[in-house]
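Working notes, beginning with the structure itself.
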Amino acid sequence: MSGYNFTEIENYWQKYWAENKTFKAENTGDKEKYYVLDMFPYPSGAGLHVGHPLGYIASDIISRYKRLKGFNVLHPMGYDAYGLPAEQYAIQTGQHPAITTERNIARYREQLDRIGFSFDWDREIRTNSPEYYKWTQWVFIKLFNSYYSGQARPISELEDIFSKHGTNGLQAAQSKELTFTAEQWNTYSEQKKQEVLMNYRLAYISETAVNWCSPLGTVLANDEVVNGFSVRGGHPVERKLMKQWSLRITAYAERLLNGLDTLDWSESIKEVQRNWIGKSIGATIYFQFATPAIPANSANSATSATSANSANSANSTNPTNPTNPTNPANPANPATTADNVPLSLEIFTTRADTIFGVTFMVLSPEHPLVLKISTQDELPKVIEYISWAKNRTERERQQEVNKVTGVFTGTYVIHPFTGKKIPVYISDYVLMGYGSGAIMAVPAHDSRDYRFAKKFSLPIVEVVAGGNIEEEAYEAKDGTLVNSDFLNGLKVKDAIKKATEFIENKKIGFARTNYRLRDAIFSRQRYWGEPFPIYYKDGIPYALKENELPLQLPEIDKYLPTEKGEPPLARATDWTYSGYPLETSTMPGFAGSSAYYLRYMDSQNSEALVGKKANEYWREVDLYVGGSEHATGHLIYSRFWNKFLYDIGLVVSDEPFKKMINQGMIQGRSSFAYRLNHQSYKEYLQTADSTPLQLATSPRAAASTSPRAAASTFPRAADSTSPRAADPTSPQSTSTSIPIAPIFVSKNIPNREKFTDPVHVDIHLVENDVLDTDAFKKWQSDLAEAQFITESDGRYICGYEIEKMSKSMYNVQNPDEIIDRYGADTLRMYEMFLGPIEQSKPWDTKGIEGVFRFLKKYWRLVSGDEDIAIPFDESEPTAQELKIIHNLIRKIEEDINRISFNTAVSSFMIAVNELSEIGCRKKSIHEKFAILLSPFAPHIAEEVWRMLGHNETVTYAEFPKYEEKYTIESTFDYPVSFNGKMRFTISLPLENTVKEIESAVLADERSTKWLDGKTPGKIIIVPKRIINIVI
RNA sequence: GCGGACGUGUUGUAAUUGGUAGCCAAGCCAGACUUAGGAUCUGGUGCCGCGAGGCGUGAGGGUUCGAGUCCCUCCGUCCGCACCA
């Protein structure tokens, strides 16, 4: 027999590629460039599982295909090496994270090498190496030393402007609105000047409400928090005011939004980013306070921030919107009383048209004006409400969205058009973080305002006809304005425009664009990350000089916060710069991954993040492959960094990733088990001899009765025994080493009440009856008498669900086992054969045999059916052989270009089946075949290429050219339908005219049968497609 | 609640533009071969029916000579966002 010795073949070629640096890419040359990038992995302790390579295989196929097509291909790989799991492991074991990381990387590399990827390893990067993070710090300094006005500019320019013009005419992204003159600026102290500049820097420090995760001891970015829990670890997260570094990504909101239109990304991921940026066009309107509780006083301090504005979050100013004056010489800009209470209330609305429907105002409970404007009578209730709202967790708020709460402040504002008094309420359905933290409530046309109005019996005035406001709010933007004075009769769209114009003319507000996007909080109170190149002098942060980088991560004794609660870096001895203390927080995970694609272009460059020449050659990533879960994190931060680097002239391309494909997840099948509880076990013991307790018929049956696995997943509170609402998001990633064990409940298990809650088990351990998981140990102590019942003894209970592969769920399928048994080529082709690349699918080894059989069959065909290889036939191929191979060429090229690898694999199978059938041994046919196959199964293709007499790698062979003349048929098998139902086929020459076809079909005796004596009506003939006869 | 994607044999899937539904595999059934292998080969396999034939792409309707594909309504699954004014 002919042995397909994949191990030998694969080892040989992997060694050959490494020794010959087959995939090394140069930064120059005549060839056209093509840059294919994978999202680099975090090297976790669990190693690679079969899900990781899915995208890598796809990108490798493209890379190898592009090389065959004559491109100079850059296909690098590296490691996102900073991260929480290594640090958590360090806390537990005292092991330095660098050591753990190093070890994990070595393991990853070994696994990656076994799959036969065509990476240029000379360009490898690791985000934790000083040579690399030097440039992460460098970009930070650049951001620190920049402000934004249409584009990023040096902060020194801003100092110059201030000294000449103050803030007069200034258009710049800022945290809060400041107003001062040049004279004032020039009298400011150094400290004061630095404070003011901080208001404009693109990397700035400020006291902000952050997501504080106490169990992790650090703050988290918005995209790292889901439903009030940390994405990593699933720990509760609270809002807390802290001094933190942030990046002013909001300055780029408009450009990040517009840039999406130029990208070849999936519509869904672009939509996610659009939502995340959340642009809304509307108007800011000021409502004068009516109540005499505020002493009338027009005194106005020109230098101070207006109180109403200081309530704004950073994104409420928008320098990129020309209609939005950032320093409005605007009479509406509210004057304040002597004690800084403004005379008017600033709100933001997208529905200026509904202004005549306003019947009350609502402030967020955290709004800084709340205590100042509340009347003495209402103050106690207001204070009580504020403290109640404050103690409500993020989670409660989100879960009880429909719970209507709020209190009256006792204060009124004046409607700018009707002059009526409008009461001011506070309620936590209004968020401080968006707009100005205050709204004008139009209950007739906003469902939240509607609910509130119903609860507090406030009037509801219809101003847009079209709905039934007795029943519910009419929110649709079509209809005609009524009860609205000068807006009556207008359509909503026109009314918004006209109302906004009126508001601007009356100087009570202005058109404004708001974004939901928040500035990115950039500090983490952790050890294992990039140190900030920042020191403090008199409490003011200053950046190190660029030539002083990298600022190396110091050694510390313990990877925990200090007793005083400072971040771990505070433990380092002499963590100072020229005697001044250095910043003790470190940068977040997305710092190192924000510009890594640039570093690959020129990874050895010690003078620059990326050299001019290298960047001009590679420009941007042509194809980016990775998971869609990074839509609101990495993918938006990277785009922001890139745009900044574009602004400062470092890079030539405005967008980093031209085209992207998002591979689906390969899920695991996790098994879980139940135990009989005390009572049931006693009963069981009594009946065990005769009647084994019948619980379900099979694990499959148990699972199939509860197909909604994800919905029954919930994180289990330590003291909770009752299932809570479905929360599919919490146990998302468990690569941290302090996971909370997710518990699964399948609702439809028979005799459910006899069992404990199910727990994930390692099915291999279950089979061997060795249960060593922590959860089981806990059971043993809690339920000493409980009996674990296995499937094998027929009294079993084991269920399974399909979920994300994760170590803690014992459902990880390791690629090494597959490679040992079938080889890397089979693994590669099987993963592609599983289905469309973007689709998530459970790992299932059943089908792998089919792919393995295909490769064995191919091997038999090329090696001859004997032990010794017989020579190839060098004679001219037959028409049939040419047809097979050219059809395959066309199909493979097409499928690669539309990234449809599952159908490509299927085409290879068809071709091998056909070639085997005719026993094709033609050299020229097999040469073409080997080249076609090489992107998919590179090892076997190389070996065959060698057997065909070539001494060089197949990597740079020429992709065969499709020639239509070999595939053209002379006849076509027409399907003949009667009234649309296909009845038979008829083979007719292609050159037949419609007329000839018609008479040929009608002459056929089968037609006579189906016509059944009736006369055909219309006859539809589409040449080369179908014939349809209508009776 | 809003937005998006999807729903095809026992299973993974295919059908690129409205033109033969189920390619290629898996599984199952029957058989061949044997050096008994982690083989290999042959045939069958959507459902109903002995057959002729009928029915079939989540359900119902529509457009069309013709619908898995387009339109409407509904049901279901998955993903994203979620009090964003």
Side-chain angles (χ1 to χ4, degrees), chain A residues 1 227 266-276 278-280 282 315 347-351 354 362 364 397-398 400-404 427-431 433-442 445-449 451-452 475 514-517 628-629 631-632 664 707-708 710-711 728 821-822 830 833-836 838-842 844-854 856-857 860 865 891 894-895 897-898 900 902-910 913 973-985 1017-1022 1024-1031:
Chain A
M1 66 155 272
N227 289 347
S266 77
E267 227 11 77
S268 72
I269 208 162
K270 286 203 240 180
E271 203 51 35
V272 169
Q273 290 212 346
R274 288 192 191 105
N275 287 340
W276 192 258
K279 179 179 183 174
S280 54
N315 62 319
I347 62 97
F348 174 75
T349 182
T350 55
R351 294 293 301 273
T354 61
V362 186
S364 160
R397 253 175 96 132
Q398 276 164 2
E400 298 164 17
V401 160
N402 290 321
K403 191 170 167 185
V404 179
S427 172
D428 69 354
Y429 81 88
V430 175
L431 307 176
Y434 185 77
S436 63
I439 61 157
M440 64 177 210
V442 185
H445 305 289
D446 182 289
S447 58
R448 296 152 301 178
D449 298 344
R451 281 201 309 260
F452 195 85
E475 292 180 305
N514 256 331
Y515 297 89
R516 224 182 57 186
L517 186 71
S628 55
E629 69 270 20
T632 54
R708 301 190 57 218
R821 189 156 165 187
Y822 301 104
Y830 179 58
F833 191 55
L834 235 34
E838 329 80 56
Q839 216 165 80
S840 286
K841 50 233 154 188
D844 176 5
T845 45
K846 276 195 205 129
I848 202 164
E849 294 286 347
V851 173
F852 189 48
R853 252 171 251 169
F854 151 73
K856 283 191 290 192
K857 192 166 184 177
R860 267 200 309 280
D865 225 354
K891 189 74 167 68
E894 248 172 41
D895 284 349
N897 284 319
R898 64 188 180 114
S900 173
N902 53 329
T903 52
V905 174
S906 142
S907 302
F908 280 120
M909 290 174 170
I910 294 168
N913 287 345
D973 288 339
Y974 281 94
V976 182
S977 304
F978 291 79
N979 286 339
K981 286 190 171 35
M982 210 281 282
R983 295 305 181 182
F984 60 89
T985 59
K1018 214 163 151 192
I1019 300 179
I1020 291 112
I1021 293 168
V1022 185
K1024 274 198 86 178
R1025 285 224 193 266
I1026 51 103
I1027 298 164
N1028 190 15
I1029 299 167
V1030 187
I1031 305 170

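Lettering of chains follows the sequences in order, A, B, ..., and the numbering in each one begins at 1. On a predicted model such as this, the values are computed, not experimentally measured, just so you know.
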Show each protein N/O and nucleotides 51-57 of chain B N/O combination with a separation under 3.5 Å, one pair to a line.
residue : atom : partner   : partner atom : Å
B/rG53  : OP1  : A/Lys1009 : NZ           : 2.8
B/rG54  : OP1  : A/Arg983  : NH2          : 3.4
B/rG54  : OP2  : A/Arg983  : NH1          : 3.0

For nucleotides 15-21 of chain B, read 5' to 3', which letter fits each nucleotide if B means a protein heavy atom sits under 4.0 Å from the base, S means only the sugar-phosphate is that close, and - means neither?
SBB-BB-
Note: for A/Phe852 and A/Gly835 on RNA chain B, the residue whose nearest nucleotide lies more 5' is A/Gly835
Base, sugar-phosphate or nothing for A/Asn979? Non-hydrogen atoms, less than 4.0 Å.
nothing
By the 4.0 Å heavy-atom rule, please label A/Phe833 as base, sugar-phosphate, or nothing.
base
For A/Lys891, is there an ion pair with A/Glu894 - N to carboxylate O distance below 4.0 angstrom?
no
Whole-angstrom distance between B/rG3 and B/rG22, as gauged at atom P:
38 Å
N/O-N/O pairs, protein side and nucleotides 3-7 of chain B side, under 3.5 Å:
none

Could you check whether A/Leu834 gets within reach of a base, just the sugar-phosphate, or nothing at all, counting any heavy atom under 4.0 Å?
sugar-phosphate
With under 30° as parallel and over 60° as perpendicular, where do the rings of A/Tyr822 and A/Phe852 fit, or are they tilted in between?
perpendicular
Looking only at atom P, what distance separates B/rG58 and B/rA21, rounded to whole Å?
16 Å
Any side-chain N or O of A/Lys841 less than 4.0 Å from the OP1 or OP2 oxygen of B/rG12?
no
Within the 4.0 Å heavy-atom criterion, would you say A/Glu838 contacts the bases, only the backbone, or no part of the nucleic acid?
nothing
Which is true for A/Arg821 with a 4.0 Å heavy-atom rule: it touches a base, it touches only sugar-phosphate, or it touches nothing?
base
Without swapping roles, check the side chain of A/Asn902 against the backbone of A/Phe833 for a donor-acceptor pair under 3.5 Å.
no
Taken in chain and number order and not counting sequence neighbours, the residues that satisfy ring pair (Phe, Tyr, Trp, His ring centres under 6.0 Å) with A/Phe908 are A/Phe929, A/Phe936
The salt bridge (Lys or Arg N to Asp or Glu O under 4.0 Å) partners of A/Asp446 (sequence neighbours excluded) come to A/Arg448
Nucleotide-level pairing of RNA chain B, given in dot-bracket where Watson-Crick and G-U pairs need both distances under 3.5 Å and | marks other strands
(((((((..(((......[....)))((((((.......))))))(((....)))..(((((..]....))))))))))))....
Side chain of A/Met909 only, heavy atoms from C-beta on: which candidate in B/rC81, B/rC83, B/rA25 is closest?
B/rA25
Under-4.0 Å salt bridge between A/Lys856 and A/Glu849
no
